[in-house]
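Residue numbers start from 1 in every chain, and the chains themselves are labelled A, B, ... in the order their sequence lines are given, proteins ahead of strands. These figures come from a predicted structure and were not determined experimentally.
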Amino acid sequence: MKIATWNVNSLKVRLPQVLDWLAASETDVLCLQELKLTDENFPLQAFVDAGYHACWSGQKTYNGVAIISREPGRDVIKNIPGYEDSQQRVISATLPDGAGGEMRVICAYCPNGQSLESDKYVYKLAWYAALQRWLKSELARYPQLALLGDYNIAPADEDVHNPEKWADQVLVSVPERQAFQDLLGLGLSDAFRLFEQPEKSFSWWDYRQFGFRRNAGLRIDHILLTQALVERCVASEIDKGPRGNEQPSDHAPVWARLVAGA
DNA sequence: ATGACGAAATTGTTTCGA
């Protein structure tokens with residue numbers, strides 16, 4: 001089965017592209033971020049017509065996340081339990097794992113942080129600490145768990161088109177990279193790095209100054225897997241195709257393929 | 001140093017993203 005994540009930067013604008021990509025990529029589970037719409041405006045019928053179920057958590061103007069899946073999700077939870085947050089950034093569901101069992105899927109739109117001097121940076125690190133805390137208990141419950149989303153962290157210099165220029169900026173700073181490493185410390189692995197990848201592989205490119213054409217990007221969208229899923233993961237890639245669409249999102253989808261037996 | 005692009009909430013311009 002194929003699981004994927006895509007920050008669509010407005011589901012209202014990007015819905016046709018999402019439907020096209022779902023069909024073309026044969027994705028079974030798609031985590032979406034930056035819906036930028038309220039719950040009542042979620043286009044459920046379009047996904048139902050395409051043969052999918054959905055759960056979502058939206059708000060006006062900003063944020064918003066959804067899980068689109070061929071099978072309905074169980075035990076859907078919004079946000080990080082125990083962490084008070086008016087911003088809708090997380091949704092989780094239990095889904096069939098494609099091998100007769102179940103897997104926990106967490107879809108996350110992690111805060112951007114804006115700059116190291118910003119209150120939003122303080123919020124970002126506090127948010128990651130809350131995620132870390134909560135994941136510990138989730139991992140105890142769910143051996144097969146995948147955390148997919150826009151992390152707003154480029155984990156290493158190889159994930160940055162121009163590391164010298166980006167040094168110590170938001171998205172690459174030492175505390176942010178430590179927060180990412182702390183997640184790996186829980187026993188999670190970066191699916192993309194399980195495999196040999198082209199140099200200069202990115203998942204986001206700035207709209208400005210022909211960022212995509214110049215491949216001036218960052219790899220900030222990730223799929224983290226528990227060991228049980230790592231053993232079933234046979235491929236992971238970034239699909240740059242949709243970034244070349246007319247009126248594209250500034251992010252590209254990232255996917256991982258899981259097979260039934262290890 | 002600033003703005004550059006795109007989306008949303010609004011209808012001229014600001015806020016925010018990464």
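- Of the candidates dA4(B), dA8(B), dA18(B), dA18(B) carries the atom nearest the Glu34(A) side chain, counting heavy atoms from C-beta on.
- Remark: Arg141(A) does not engage Asp75(A) in a salt bridge, criterion side-chain N to carboxylate O under 4.0 Å.
- With distances taken from any side-chain atom of Tyr207(A) to the nucleotides dA7(B), dA18(B), dG6(B), the minimum falls on dG6(B).
- Across the protein-nucleic acid pair, Asp221(A) atom CG and dA18(B) atom P stand 9 Å apart, rounded to whole Å.
- The 5' end of DNA chain B is approached more closely, in terms of each residue's nearest nucleotide, by Pro248(A) than by the other of Val170(A) and Pro248(A).
- An OP1 or OP2 oxygen of dA7(B) is reached within less than 4.0 angstrom by a side-chain nitrogen or oxygen of Gln247(A).
- Nucleotides dT11(B) and dA1(B) are separated by 34 Å at their P atoms, to the nearest Å.
- One can place CZ of Phe212(A) at 18 Å from P of dA18(B), the figure rounded to the nearest angstrom.
- The side chain of Asn7(A) places an N or O atom within less than 4.0 Å of a non-bridging phosphate oxygen (OP1 or OP2) of dA18(B).
- Residues satisfying the ring-ring contact (aromatic ring centres under 6.0 Å, His included) criterion with Phe212(A), sequence neighbours excluded, are Trp205(A).
- Sequence order on DNA chain B of the closest nucleotides to Leu11(A) and Asp150(A) puts Leu11(A) first from the 5' end.
- For the pair Leu15(A) CG and dA7(B) P, the interatomic distance rounds to 14 Å; values are reported in whole Å.
- Relative to the side chain of Arg208(A), the nucleotides dA9(B), dA18(B), dA7(B) differ in distance, and dA18(B) lies closest.
- Using a 4.0 Å heavy-atom distance criterion, Asn63(A) is classed as making no nucleic acid contact.
- Contact annotation: Asn112(A) side-chain N/O to dA18(B) OP1/OP2 distance is under 4.0 Å.
- When rounded to the nearest whole Å, the span between CD of Gln33(A) and P of dA18(B) equals 10 Å.
- Residues meeting the side-chain contact (heavy atoms from CB on, under 4.5 Å) test with Ala23(A), sequence neighbours left out: none.
- For dT2(B) and dG6(B), the P atoms lie 23 Å apart once the distance is rounded to whole Å.
- In this structure, His251(A) does not reach the dG17(B) phosphate: none of its side-chain N or O atoms is under 4.0 Å from OP1 or OP2.
- Under a hydrophobic clustering in which Ile, Leu, Val, Met, Phe, Trp and Tyr are joined whenever their side-chain heavy atoms come within less than 4.5 Å, directly or via other members, Leu125(A) and Ile153(A) fall into different clusters.
- Here the nucleotide nearest the side chain of Leu218(A), chosen from dA18(B), dA9(B), dG3(B), is dA18(B).
- Within the 4.0 Å cut-off from OP1 or OP2 of dA18(B), at least one side-chain nitrogen or oxygen of Asn152(A) is found.
- For residues 4-33 of chain A, every residue pair satisfying the salt bridge (charged side-chain N to carboxylate O under 4.0 Å, His left out) rule, not counting sequence neighbours, is listed here: Asp28(A)-Arg70(A).
- Taking atom CG on Leu171(A) and atom P on dG17(B), their separation rounds to 11 Å, with Å as the unit.
- Atom NZ of Lys60(A) and atom C1' of dA8(B) are 9 Å apart (whole Å).
- Among the atoms of the strands shown, none is found under 4.0 Å from any heavy atom of Phe202(A).
- No donor-acceptor pair closer than 3.5 Å links the side chain of Thr5(A) to the backbone N or O of Val254(A).
- Asp168(A) places its CG atom 17 Å from the C1' atom of dA18(B), with the value rounded to the nearest Å.
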Between N or O atoms, less than 3.5 Å apart, protein on one side and nucleotides 14-16 of chain B on the other: list the pairs.
none

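- Remark: P of dA7(B) and CD of Glu246(A) are 12 Å apart, rounded to the nearest angstrom.
- With sequence neighbours excluded, the residues that form a salt bridge (charged side-chain N to carboxylate O under 4.0 Å, His left out) with Arg177(A) are Asp157(A).
- The side-chain contact (heavy atoms from CB on, under 4.5 Å) check on Glu117(A) picks up Ser115(A), with sequence neighbours excluded.
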